[in-house]
Asker: 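First, the structure itself, so that you have it in front of you.
Not measured: the values here are computed from a predicted model. Throughout, residue positions are numbered sequentially from 1 according to the sequence presented.
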Amino acid sequence: MSAIESVLQEKRVFPPSAKATSGAAISGMDAYKALAAEAERDYEGFWARVARETLTWHKPFTKVLDESKAPFYTWFEDGELNASYNCLDRHVEAGRGNDNAIIFEADDGTVTNVTYQDLLERVSRLANALRKRGVKKGDRVVIYLPMSVEGVVAMQACVRIGATHSVVFGGFSSKSLNERLVDVGAVALITADEQMRGGKALPLKSIADEALAAGGCEKVKDVIVYRRTGGKVAWTEGRDVWLHEIVENESATCEPEWVSAEHPLFILYTSGSTGKPKGVQHSTAGILLWSAQTMKWTFDMKPGDIFWCTADIGWITGHSYIAYGPLAIGATQVMFEGVPTYPHAGRFWEMIDRHKVTIFYTAPTAIRSLIKVSEADEKVHPKSYDLSTLRILGTVGEPINPEAWMWYHENVGKGQCPIVDTWWQTETGGHMITPLPGATPLVPGSCTLPLPGIMAAIVDETGQDVPNGQGGILVVKRPWPSMLRNVWGDPKRYQTSYFPEELGGKLYLAGDGAVRDKETGYFTIMGRIDDVLNVSGHRLGTMEIESALVANPMVAEAAVVGRPDDTTGEAVVAFVVLKRTRPEGDEAKQIATELRNWVGKEIGPIAKPKDIRFGENLPKTRSGKIMRRLLRSLAKGEEITQDVSTLENPAILDQLGEAR
Ligand code: WTA
């Protein structure tokens, strides 16, 4: 890791404007430092204060952090609460039932407003229906839905009755869905007939049917189907029910199930460097507390603001910053069913204009793809829309390159809006390192400083701090409330993946490389240090894609690496050895297409390799280890300058170097 050097020599600094600072939740660097110092001085006292101020407790907690079973930490364990109560009832009880919770815009542009009162009633009806069907506290319910109000209702309804949800992204294949249903031991599945994206109807129910038929999910008793398009679906009597039918006669009130702060709120699968995806298990109070608090700190969300997070509910960002955080603070948010390029590539800007969005949170990959099209076509350029309501911009999911940052700042923010480049992970539950809009001087490409209470640091391979200016491994030194609690069903993997002995067993290992600036101490993230790729902000394990490829009967061996890509950040490149002779020309193209589609079916379209190369072998050392470093160079089209004398068969480098 000491080889990591700072690649960014960014010197531009953008201090917060007087307008951004005045009235901000954290106003100025002194206010930030005071909060950070409070957490340093009295760590548990700080978190207890925040937890009392931010959440409504049914039974107050008396304990704060329990480290006795480290690294299985607990927070506020004897406190009791309900997430749905905190997101809905308490706002209605405070007289805010008529405020909009969600402004939903469908793929075709139809807009629906859902007030807090409406949302509470819809959640309560579904919660009652789930209870009636025997779903109870601690049960797991898998949600496989498109971006929809129903998606949020389903999540909230589960946690209202103490069930733990596991949302599976609608773009995942039946095989991925099956693996998750089996691993989590689901008792029910909530899905839709179809989803609408970019004017096209895509199947969901039929994929769900396939997933259920693949076996291992006999515990799934109910399949609840939201009718989105009215498209034709197959029906299994006794198992399948329409969502609108089961809620029809249910009461609009539902007593929430009060659960311990530590009760699992949800399990969300994410890629790791080895093996199958990990079921990241989160706690009720942890997620709720930090998603709500960071809505206030990072986004400086105030009454009157209109928040829009463009993430899908299938990812952690859609959990913490659509389904929980905004609702927990009683905010009004925009939710969007479609894609940024339909019916035209100005859709995001048009929607900001139409809904008077004030805080906009998206992914660098979306910005990069929109830069390209809007620089080519004035009609879809942000300057063709009124974006004057915007006050804060955010990014998440991958490093944002300074050029894209500047474009976002100038063209979307008109040079007036702070950009919060939020570094965090599925496992961290909420923002960790991020600028504060009313305090932090911004440096393009840097996520700047940790939030108060977050003890982020950079260490070497032995767990020792490295000096600023020197690259290393990003860790968090102390447990924090919204951290993952376990890998579902695999505590050993939790321990070895996140608290490795090599680092002393106490540091949380994020899996990213980072460097801090010599003068400012600002963090810059330098990408993953393990075999995880970041394609359009989606995490993909190279092992997962390799296993999918090798599962194809034609394939003998496969190795997958990432290559930098202008739009998607990283692109998947696969090196494949077939059981038959190495294909060439048109035949190679045809097999590559077949394998690409195969991976799409095995994992999901997001995992499809952009580039597949065939060789008679892979570059291996004499002991049989694949030399991934060489493959990475080949994928990038670099000249191989490294020593290849330890290679068994150097000639295959020429074969693998040819792009298809
Ligand atoms: C990367 C998404 C640089 C990082 C919330 C991390 C980032 C992984 C940033 C987690 C950022 C996320 N700057 N890199 N602002 N945000 N990442 O679990 O590699 O889907 O480890 O969570 O995305 O991805 P995940």
Asker: So, T294 versus Y321: side-chain donor-acceptor pair below 3.5 Å or not?
Answerer: yes
Asker: Looking at K477 and D465, does any basic side-chain N land under 4.0 Å from a carboxylate oxygen?
Answerer: yes
Asker: Take atom NZ in K620; do more than 12 heavy atoms of anything else shown fall under 6.0 Å from it?
Answerer: yes
Asker: Heavy-atom count check: over 12 atoms from other residues, nucleotides or ligands less than 6.0 Å from K19 NZ?
Answerer: no
Asker: With a 3.5 Å distance limit and no angle check, can you tell me whether S166 reaches the backbone of I267 through a side-chain donor-acceptor pair?
Answerer: yes
Asker: Looking at G397, is its backbone amide N or carbonyl O close enough to the side chain of N534 to form a donor-acceptor pair, meaning the two atoms are under 3.5 Å apart?
Answerer: yes
Asker: Answer with yes or no after comparing the ring centroid distance for F348 and W308 against a 6.0 Å cut-off, counting only values under it.
Answerer: yes
Asker: So which atom in G471 and which in I458 form the shortest heavy-atom distance, rounded to 0.1 Å?
Answerer: C-CG2, 4.3 Å
Asker: For W405, give me all partners under ring-ring contact (aromatic ring centres under 6.0 Å, His included), at least two apart in sequence or on another chain.
Answerer: F14, H409
Asker: Just verifying a value: how many Å separate E546 CD and F575 CZ, rounded to the nearest 0.5 Å?
Answerer: 11.0 Å
Asker: Could you report the tightest heavy-atom contact between A607 and L540, atom names first, then the distance?
Answerer: CA-CD1, 3.9 Å
Asker: Start with the C-alpha gap between V280 and F266, add the side-chain angles, then the distance that decides, and say whether side-chain contact (heavy atoms from CB on, under 4.5 Å) holds.
Answerer: CA-CA 8 Å; V280 170; F266 61 78; over 6 Å; no
Asker: State the CE-OG1 distance between M301 and T358, to the nearest 0.5 angstrom.
Answerer: 6.0 Å
Asker: Scan side-chain atoms only and decide if T422 and Y361 contain a donor-acceptor pair under the 3.5 Å cut-off.
Answerer: yes
Asker: Are E398 and E570 side-chain neighbours, meaning at least one heavy-atom pair lies under 4.5 Å?
Answerer: no
Asker: Of the non-hydrogen atoms in P16 and A439, which two are nearest, and what is the gap between them?
Answerer: CG-O, 3.4 Å
Asker: Verify, without hydrogens or angle tests, whether R563 (side chain) and D611 (backbone) share a donor-acceptor contact under 3.5 angstrom.
Answerer: no
Asker: Under 4.0 Å between a Lys/Arg side-chain N and an Asp/Glu carboxylate O for E262 and K69?
Answerer: no
Asker: Given 3.5 Å as the limit, does a donor-acceptor pair link the side chain of R391 with the main chain of D300, or not?
Answerer: yes
Asker: Quick one: does S446's side chain have a donor or acceptor within less than 3.5 Å of a partner on L442's backbone?
Answerer: no
Asker: With heavy-atom distances below 4.5 Å as the criterion, would you say the side chains of R180 and P277 are in contact?
Answerer: yes
Asker: If you look at every heavy atom in P452 and W290, which pair is closest and at what distance?
Answerer: O-CH2, 3.8 Å
Asker: Is the CZ atom of R49 crowded by more than 12 outside heavy atoms at less than 6.0 Å?
Answerer: yes
Asker: Decide yes or no on side-chain contact (heavy atoms from CB on, under 4.5 Å) for M455 and E40, but give the supporting numbers first.
Answerer: CA-CA 9 Å; M455 307 302 179; E40 294 266 359; 4.1 Å; yes
Asker: Roughly how far, to the nearest 0.5 Å, is the OG1 atom of T440 from the CD1 atom of I419?
Answerer: 13.0 Å
Asker: Can you check whether D531 reaches M543 side chain to side chain, under 4.5 Å on heavy atoms?
Answerer: no
Asker: So do T270 and W315 actually touch side chain to side chain, heavy atoms under 4.5 Å?
Answerer: no
Asker: Before you tell me yes or no, could you show the steps for I626 and L631 under side-chain contact (heavy atoms from CB on, under 4.5 Å), namely the whole-Å CA-CA distance, both residues' side-chain angles and the distance that decides it to 0.1 Å?
Answerer: CA-CA 9 Å; I626 295 174; L631 291 178; 3.7 Å; yes
Asker: Please indicate whether E639 has more than 12 foreign heavy atoms, meaning atoms of other residues, nucleotides or ligands, lying under 6.0 Å from its CD.
Answerer: no
Asker: Does the side chain of Y522 reach to within under 4.5 Å of the side chain of L449, using non-hydrogen atoms?
Answerer: yes
Asker: For residues W423 and D512, determine if any side-chain heavy atom of one lies less than 4.5 Å from a side-chain heavy atom of the other.
Answerer: yes
Asker: Among D460, V466, L507, V459, which residue satisfies the side-chain contact (heavy atoms from CB on, under 4.5 Å) criterion with I473?
Answerer: V459
Asker: Test your reading of the model: is there a side-chain donor-acceptor pair from Q470 to the backbone of P467, 3.5 Å cut-off?
Answerer: no
Asker: Could you tell me the separation between the CE atom of M483 and the CZ atom of R478, rounded to the nearest 0.5 Å?
Answerer: 11.5 Å
Asker: Using a strict 4.0 Å threshold on nitrogen-to-oxygen distance, state whether E427 and R539 make a salt bridge.
Answerer: yes
Asker: Could you check whether any side-chain N or O of S176 sits under 3.5 Å from a backbone N or O of I603, counting only pairs where one atom can act as donor and the other as acceptor?
Answerer: yes
Asker: Could you check whether any side-chain N or O of T524 sits under 3.5 Å from a backbone N or O of V515, counting only pairs where one atom can act as donor and the other as acceptor?
Answerer: no
Asker: With the side chain counted from C-beta on, respond yes when Q416 and S17 share a heavy-atom pair under 4.5 Å apart, and no when they do not.
Answerer: no
Asker: Using 4.0 Å as the upper bound for N to carboxylate O, is an ion pair formed by K372 and D566?
Answerer: no
Asker: To the nearest 0.5 Å, tell me how far L370 CG sits from Y408 OH.
Answerer: 10.0 Å
Asker: Test T341 against V373 for side-chain contact (heavy atoms from CB on, under 4.5 Å), laying out the working first.
Answerer: CA-CA 9 Å; T341 47; V373 283; 5.5 Å; no
Asker: Has S27 got a side-chain atom pairing as donor or acceptor with G23's backbone, closer than 3.5 angstrom?
Answerer: no
Asker: I'd like to know if the side chain of Y324 and the backbone of L289 have a donor-acceptor N/O pair within less than 3.5 Å.
Answerer: no
Asker: Locate the shortest heavy-atom distance separating V357 from V334; write the atom from each residue and the value.
Answerer: CG2-CG2, 3.9 Å
Asker: Are Q495 and E501 packed together at the side-chain level, in the sense that at least one heavy-atom pair is separated by less than 4.5 angstrom?
Answerer: no
Asker: Can you tell me how far apart OG (S271) and NZ (K276) are? Round to the nearest 0.5 Å.
Answerer: 13.0 Å
Asker: Step through it carefully: locate the ring centre of F72, locate the ring centre of Y494, and say whether they are under 6.0 Å apart.
Answerer: yes
Asker: Please name the residue in the list Y508, W75, W424 that meets the ring pair (Phe, Tyr, Trp, His ring centres under 6.0 Å) test with W480.
Answerer: Y508
Asker: For T298 versus P437, what's the shortest heavy-atom pair and its separation?
Answerer: O-CD, 3.1 Å
Asker: Charged N to carboxylate O under 4.0 angstrom, D530 versus R628?
Answerer: no
